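Data block below; observations after.
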Amino acid sequence: MAKNLSCKIGPSILNADLSQLYNESQKLMDSGADYLHLDVMDGTFVPNLTFGHPVVKCLRTKLPSTVFETHMMVQNPLQWISAMADANVDQYTFHIEPCDDVPLVCRKVKETGMKVGLAIKPGTPVTCVEEYIDMADMILVMTVEPGFGGQKFMTDMMPKIEMLREKYPTMDIEVDGGIGPNNIDVCAKAGANMIVSGTAVIQAKNPPQVIQLLKDSVNKHLNIKSNC
Ligand SMILES: O=C(CO)[C@@H](O)[C@H](O)COP(=O)(O)O
Ligand SMILES: [Co+2]
């Protein structure tokens, strides 16, 4: 039974107008977002390059109380922990694939006071993250190949979420990639409670309406699960 879980919507700013990063971020928070999902890419782990801790730190000076999650699509997650902690990041979500010592990275993240998110690519079995589940505050199941916004949602990732939700009813489970009004129900039904949505929110005529729709879908399914 999924109890004491809450729905959280964290828009990705990857496809926003990054020349207006602060304004775009503020607009998302004013639209009802619960946190900001900041996609950090190093051009090695993924074939794209975005921004790092200097940008996050500057954004933090303008948004002192907004919850920041950094999605670390980087080859060496250990390398950036202290810099992101210095930027007052709240949740450090990193991919297990390039890590040769996941428990060490988890420990180092927790030592800074940041929360630990463990992310898996579409091709990574969910069993690979299970062995570290007790070290994590959240599990991120990617529903696109990481590296770019605006990609097509991968419905075949839902069994991973179903399995995680079944075994870990109170664990925060985040989905990220291609998510919007036309597929939020399958994510919510599978058991995701933290929703990253980039293009669908950024390009919406009415971002608050889209964020509310995402929230309503997740809350509907959370209530169903908690009543069973
Ligand atoms: O981490 C990633 C992509 O690698 C995601 O955070 C996307 O950036 C989400 O954007 P949409 O797929 O919703 O447009
Ligand atoms: Co992301």
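Everything quoted here is computed from the prediction, not taken from an experiment.
Here the options are Thr50, Thr93, Asp176, the test is side chain to side chain donor-acceptor pair (under 3.5 Å), and the partner is His71; only Asp176 passes. No option in Met194, Glu174, Met171 other than Met171 meets the side chain to side chain contact (heavy atoms under 4.5 Å, CB included) test with Ile139.
Proximity of a side-chain donor or acceptor of Lys57 to a complementary backbone N or O of Ala83 within less than 3.5 Å is not detected. Side chain of Thr143 to backbone of Met154: no donor-acceptor contact under 3.5 angstrom is found. The main-chain N or O of Gly150 is found under 3.5 Å from a side-chain atom of Thr199 such that the two form a donor-acceptor pair. Here the side chain of Glu69 pairs no donor or acceptor atom with the backbone of Tyr35 at under 3.5 angstrom. Here the side chain of Thr61 pairs a donor or acceptor atom with the backbone of Cys58 at under 3.5 angstrom. Using modelled atom types, no side-chain atom of Asn183 and backbone atom of Thr155 make a donor-acceptor pair closer than 3.5 Å. A side-chain donor-acceptor contact under 3.5 Å links Asp42 to the backbone of Phe45. Put simply, the side chain of Gln151 gets close to the backbone of Glu145: a donor and an acceptor are under 3.5 Å apart. Looking at Asp137, its side chain never comes within 3.5 Å of a backbone N or O of Gly117 through a donor-acceptor pair.
Lys220 NZ to Lys189 NZ: the interatomic distance, rounded to the nearest 0.5 Å, is 10.0 Å. Atom OG in Ser31 sits 12.5 Å away from atom CD1 in Ile9 (nearest 0.5 Å). Once rounded to the nearest 0.5 Å, the distance linking CD1 of Ile179 with OG of Ser197 reads 7.0 Å. Atom CG of Leu214 is separated from atom CD1 of Ile184 by 5.0 Å, given to the nearest 0.5 angstrom. For the atom pair Leu28 CG and Leu63 CG, the distance stands at 10.0 Å (nearest 0.5 Å). With values rounded to the nearest 0.5 angstrom, Lys167 atom NZ is found 14.5 Å from Glu162 atom CD.
Surrounding CD of Gln79 are more than 12 heavy atoms belonging to other residues, nucleotides or ligands, all under 6.0 Å away. Taking a 6.0 Å sphere around CD of Glu166, one finds it holds 12 or fewer heavy atoms contributed by other residues, nucleotides or ligands. Applying the 6.0 Å contact sphere to CG of Asp101 captures more than 12 heavy atoms from other residues, nucleotides or ligands.
When every heavy atom of Ala33 is checked against every heavy atom of Pro11, the shortest pair comes out as CB-CD, 3.3 Å. Between Ile202 and Ala16, the closest heavy-atom pair is CD1-CB, 3.7 Å. The minimum heavy-atom distance between Ile120 and Val129, with the atom names listed, is CG2-CB, 4.0 Å. Scanning all heavy atoms of the two residues, the minimum distance from Gly52 to Val40 falls at CA-CG1, 4.4 Å. Pairing each heavy atom of Cys7 with each of Asn219, the nearest pair is CB-OD1, 3.3 Å. A pairwise comparison of heavy atoms in Gly10 and His37 identifies O-CB, 3.4 Å as the closest pair.
Looking at heavy atoms from C-beta onward, Val144 lies in side-chain contact with Met142 at the 4.5 angstrom threshold. By the 4.5 Å heavy-atom criterion applied to side chains, Thr70 and Met114 are not counted as neighbours. In this structure, the side chains of Val56 and Phe51 come closer than 4.5 Å at one or more pairs of heavy atoms. Two residues are said to be in side-chain contact when any heavy atoms from C-beta on lie closer than 4.5 Å; Gln212 and Gln209 fail this criterion. Annotation: side chain of Cys128 is in contact with side chain of Pro125 (closest heavy-atom distance under 4.5 Å). Annotation: side chain of Val126 is not in contact with side chain of Pro159 (no heavy-atom distance under 4.5 Å). Counting heavy atoms from C-beta outward, Val89 and His53 have side chains that stay 4.5 Å or more apart. Using a 4.5 Å heavy-atom cutoff, the side chains of Pro146 and Lys121 are in contact.
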Under the side-chain contact (heavy atoms from CB on, under 4.5 Å) rule, what do Val105 and Tyr132 come out as? Steps first, then yes or no, please.
CA-CA 11 Å; Val105 181; Tyr132 310 116; over 6 Å; no
Test side-chain contact (heavy atoms from CB on, under 4.5 Å) on Leu164 and Ile133 and set out the steps.
CA-CA 10 Å; Leu164 283 170; Ile133 206 102; 4.1 Å; yes
Apply side-chain contact (heavy atoms from CB on, under 4.5 Å) to residues Leu59 and Ser25 and explain how you reach the verdict.
CA-CA 9 Å; Leu59 187 61; Ser25 301; 3.9 Å; yes
Evaluate the side-chain contact (heavy atoms from CB on, under 4.5 Å) criterion for residues Asn193 and Arg165: first the C-alpha distance (whole Å), next the side-chain angles of each, then the deciding distance (0.1 Å), finally the verdict.
CA-CA 10 Å; Asn193 68 300; Arg165 180 54 72 220; 3.1 Å; yes
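At a threshold of 4.0 Å, the pair Arg60-Asp86 does not count as salt-bridged, since none of the basic side-chain nitrogens sits closer than that to a carboxylate oxygen. Taking the charged nitrogens against the carboxylate oxygens, Lys115 and Asp172 have no contact shorter than 4.0 Å, which rules out a salt bridge.
Residues Leu140 and Tyr168 do not share a hydrophobic cluster, defined by chaining ILVMFWY side chains whose heavy atoms lie under 4.5 Å apart. At a threshold of 4.5 Å between side-chain heavy atoms, the hydrophobic network of Ile, Leu, Val, Met, Phe, Trp and Tyr places Met73 and Ile81 in two separate groups. Cluster annotation: Val196 and Leu38 are assigned to distinct hydrophobic clusters (Ile/Leu/Val/Met/Phe/Trp/Tyr, side-chain heavy-atom contacts under 4.5 Å, transitive). Connection of Ile173 to Phe153 is established within a shared hydrophobic cluster, with ILVMFWY side chains joined at heavy-atom distances below 4.5 Å, either directly or through further cluster members. No continuous path of ILVMFWY side-chain contacts below 4.5 Å connects Phe148 to Val141, so the two sit in separate hydrophobic clusters.
Figure legend: Lys108 and Tyr92 shown without cation-pi pairing, the cationic atom not lying both under 6.0 angstrom from the six-membered ring centre and within 45 degrees of its axis.
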